[in-house]
Each structure stands twice: as structure tokens, then as C-alpha cells.
Amino acid sequence: MARSANVTRRGFITSVMAFAGSVMGVVVGLPVIGYLISPALNAKKSDAWIPAGKLDTYPLGVPTSFSFTRTQVNGWEKTVNSFSVYVLRDASNQVKVFSSICTHLGCRVSFHKSSEEYICPCHDAHFNINGGVVSGPPPRPLNQYESKVDNGNLMIHVIEA
Amino acid sequence: MISKRMFPWLDERLGISGIYKTIFDRMVPKVNWWFTLGSATLFLFALQVVTGIMLSVYYVPSPDKAYDSIQYIMNGVAFGWLIRGIHHWGATLMVITVFLHMLRVFFYAAYKYPREITWTTGVLLLLATLGMGFTGYLLPWDQKAYWATTVGTSIAGAVPGIGDFILRALRGGNDLSGVTLARFFSAHIWMFPLIIIALIGVHLYLVIRIGISSIPKENE
Ligand code: HEM
Ligand code: FES
């Protein structure tokens with residue numbers, strides 16, 4: 001339209017209005033999109049090293065339970081998640097930290113000294129002392145947390161999605 | 001873009017150009033800028049609807065979360081301050097433009113025959129707009145909001161005879177509480193907006209049907 005030999009007054013105004021309208025649409029529309037998707041962009045993984053006490057307080061060869069909580073903030077809401085792990089120390093001070101969440105459907109397993117197994121109460125899964133599946137439905141061994149020893153203190157690496 | 005061949009096809013079935021002509025190509029007398037105040041109000045109302053819907057994405061009308069959810073909108077969400085700011089100032093501006101629009105109609109005597117019903121729906125629109133302001137003011141659930149509504153509902157409670165009942169009906173009980181917040185929220189996002197949309201429909205139908213009055217002459 002703007003290229004035609006004689007631009008009418010009406011045509012000119014229409015073009016200007018259409019242009020101004022588009023600019024306004026973008027200026028208003030982009031912030032609105034940013035506003036709507038903002039929580040998706042801000043959600044980031046958080047990780048922390050959780051101190052779990054002196055390593056030598058954990059008995060040798062016996063998985064020992066340790067619990068802690070983590071607070072997560074979602075928008076205006078604070079959620080406290082509780083974690084419980086089993087710490088297994090061997091004679092050479094190698095440490096394994098197992099999640100107590102069953103790899104089947106997420107119930108809490110507990111260690112039974114009599115059979116030296118972690119047993120899940122939900123569908124009777126048995127894991128051996130190193131987390132491997134002995135029997136039952138779980139598809140894989142118990143999850144493990146990364147850990148390190150700092151000045152004799154056990155530290156557990158927790159990554160939250 | 002609807003192509004040059006598509007448009008006549010659609011128009012024949014939908015009658016778009018007829019609607020366009022009725023709304024935009026209608027006859028108007030020679031008027032001045034004061035006659036744009038109704039349209040300005042209409043624009044502000046549309047803006048309030050859009051920004052209000054956006055705010056409702058994050059706002060929570062509960063006594064223990066309302067304040068926090070607004071803090072989150074202001075500090076946690078991209079452009080939250082902008083959306084809330086527009087809604088806040090738009091509300092104030094809309095009350096002003098409605099009022100000025102009414103004054104222009106009054107001073108040009110445009111409320112007379114045959115426009116009495118346009119005027120009446122206008123009065124109801126003014127009241128509903130004030131209702132939006134009154135109910136919206138409580139929603140941030142901060143000290144200012146709480147005490148403003150305490151005072152506002154008490155004033156309504158001063159009506160002789162039925163005042164106590166009005167006060168309890170507004171607050172949903174004897175005191176300002178979560179019940180008050182929930183009913184103000186409902187009024188603010190559902191009841192008043194639907195009332196306003198319906199009234200604007202009648203109001204604008206009449207404006208288009210009757211046409212705009214011209215500016216009165218000296219010895220009319
Ligand atoms: C949400 C509020 C309102 C909206 C969106 C609105 C919208 C409009 C629009 C777009 C017009 C066309 C002419 C003009 O803009 O001046 C109009 C005319 C009119 N309005 Fe409103 N209005 C509102 C509130 C009111 C109020 C509070 C009153 C009076 C109490 C009122 C009384 C009238 C009358 C009588 C006319 C006809 C004027 C004439 O024919 O010259 N309106 N309104
Ligand atoms: S959840 Fe543990 S066995 Fe099913």
C-alpha cells in the first residue's frame with residue numbers, strides 16, 4: 001500500500017495505526033509471556049553438602065540411619081522435605097551412603113540386622129547390605145549419595161531437582 | 001492474514017463488514033475530546049481484565065498466603081511489578097475517567113430523552129466500578145488493606161436498622177477474616193466484572209442505537 005503512487009490519507013493513517021498497534025502488542029505481549037513462564041525459567045537445581053557428624057561415630061559394617069531435612073521455596077510456599085539415608089562404613093574407612101527410598105515405588109526401606117538386609121514393607125523387596133536387589137520387584141539397586149570426609153566429618157552431597 | 005479472496009467469502013457468511021459499519025462507520029455529530037472519556041474507560045476496563053487475569057495466575061486469596069503471594073509477584077516473577085503496577089494505577093485511573101465521563105454527560109445534558117436508560121446503566125457502572133475498587137483494595141491483605149476494609153465495612157454498618165446485618169453480610173461474620181477475603185475476591189474477579197460486562201453491553205448498544213448527542217446550542 002505504501003508503495004503505490006498515491007498514498008491516501010486514510011491508507012496512511014491505517015498503516016501508521018497498524019504499525020503502532022503492532023509495536024504496542026509486542027511491548028505488552030512479551031512481558032506477559034515472560035511473566036507466565038517465569039517460574040519455569042527460575043527453577044534451578046540446588047545442591048548442598050550436608051554434614052552428617054563424625055565418621056568414627058558410625059559403627060563398622062552396620063548400616064546406620066541418618067535423617068535430615070531440607071527446605072525448598074516454591075513461589076510463596078516453603079516445603080520441608082525430610083531425607084533418611086543409611087551410612088555404611090567399612091574397615092578401610094570407605095563409606096557408602098544409601099537412600100532409604102525403595103527403587104520400586106518409593107516406600108521407605110529399613111535395615112534388618114537379623115538377615116543383614118534392607119526390607120521394603122510395601123511389596124516385600126529385599127536388598128543386600130550393599131544395596132543390591134536380592135528379591136522382589138525393584139528394577140535396580142538402592143540409590144547412593146556421593147559423600148566425602150572432611151576433617152573427620154562425613155559430608156553427604158544432596159542434589160534437588 | 002485473511003487474503004483478498006477469503007474475506008468476501010467469510011464476510012458473506014459472518015457479516016463482519018456490517019458489524020464494522022454499525023460500530024465504527026456510524027454518524028457522529030461534531031464533538032470534542034470530552035467525548036472520548038467513555039472509550040478511555042472502556043480501554044482501561046479491558047486493561048484491568050487482562051492484567052487482573054494475569055495477577056490471578058499467582059495470587060492466592062487466603063489469609064496466610066495472600067500477602068506472600070503478592071510479595072512473590074513483586075520480587076519473584078518476571079515483570080510481576082509491571083503487571084501489578086498497571087492493575088493498580090489502571091484502577092485509580094478508571095475511577096477518574098468514569099467520573100469525568102459522567103460529568104461530561106451531565107454538563108452536556110446528554111442524559112435527557114431518549115438516553116435515560118444509557119444514563120441509568122451508567123450510574124450502575126459507576127457503582128460497580130467503585131465496588132471493584134473497594135473489593136480489590138482488600139486483596140493485598142496488608143495493614144492498609146485490612147484497616148481500610150475494617151473502616152469501610154463499619155461505615156456500611158452504620159445504616160440505621162439493618163446496618164448490623166449489612167456489616168455481617170459484607171464481612172461474612174462479625175470480624176474481618178479469611179471468609180471476608182474469599183468473598184471479596186469472588187466479588188472482585190467474578191461478580192462485579194460480569195455485572196460490568198453486561199452493563200457495558202447494554203450501555204454501548206444504546207450509544208450505537210441512539211447515536212451520540214450533539215453539543216447543546218446556546219439557547220436550547
Ligand atoms: C465502566 C464505565 C463506563 C463505560 C465503559 C462507558 C462507556 C461509554 C462510551 C464509550 C460512550 C460513548 C460516548 C462517550 O464516550 O462519551 C458512552 C456514552 C454515555 N455514557 Fe457511558 N460509560 C461508563 C460509565 C458511565 C457513567 C458512570 C454514566 C453516568 C452516570 C454514563 C452515561 C453515559 C451516557 C448518558 C452516554 C450517552 C452520551 C451521549 O449520547 O452523548 N456512562 N459511555
Ligand atoms: S515400593 Fe518397595 S517393594 Fe514396592
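Order of the sequence lines sets the chain letters (A, B, ...), proteins ahead of strands, with each chain counted from 1.
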Give me the contact list for residues 171-193 of chain B versus chain A, heavy atoms only, anything under 4.5 Å, ordered by residue number. none
B:Asp68/A:Glu77 under side-chain contact (heavy atoms from CB on, under 4.5 Å): CA gap, chis, key distance, verdict: CA-CA 8 Å; B:Asp68 293 340; A:Glu77 193 177 46; over 6 Å; no
Does the side chain of B:Tyr58 reach to within under 4.5 Å of the side chain of A:Pro39, using non-hydrogen atoms? yes
Enclosure of [X] [atom1] (heavy-atom neighbours >12, cutoff 6.0 Å):
| X | atom1 | answer |
| --- | --- | --- |
| B:Trp89 | CH2 | no |
| B:Tyr67 | OH | no |
| B:Lys144 | NZ | no |
| A:Phe68 | CZ | yes |
| A:Arg108 | CZ | yes |
| B:Trp34 | CH2 | no |
| B:Phe99 | CZ | no |
| A:Arg10 | CZ | no |

Select one option (side chain, backbone, both, neither) describing which atoms of B:Leu47 are under 4.5 Å from chain A's heavy atoms. neither
What part of B:Phe79 is in contact with chain A, defined as an atom under 4.5 angstrom from a non-hydrogen atom: side chain, backbone, both or neither? both
Least distance between heavy atoms, [X] atom then [Y] atom:
| X | Y | value |
| --- | --- | --- |
| B:Val77 | A:Tyr35 | CG1-O, 3.4 Å |
| B:Val60 | A:Trp76 | CG2-CZ2, 3.3 Å |
| B:Ala78 | A:Ser38 | N-OG, 3.1 Å |

Which one wins on heavy-atom pair count under 4.5 Å against chain B: A:Val32, A:Asn42, A:Leu36? A:Leu36
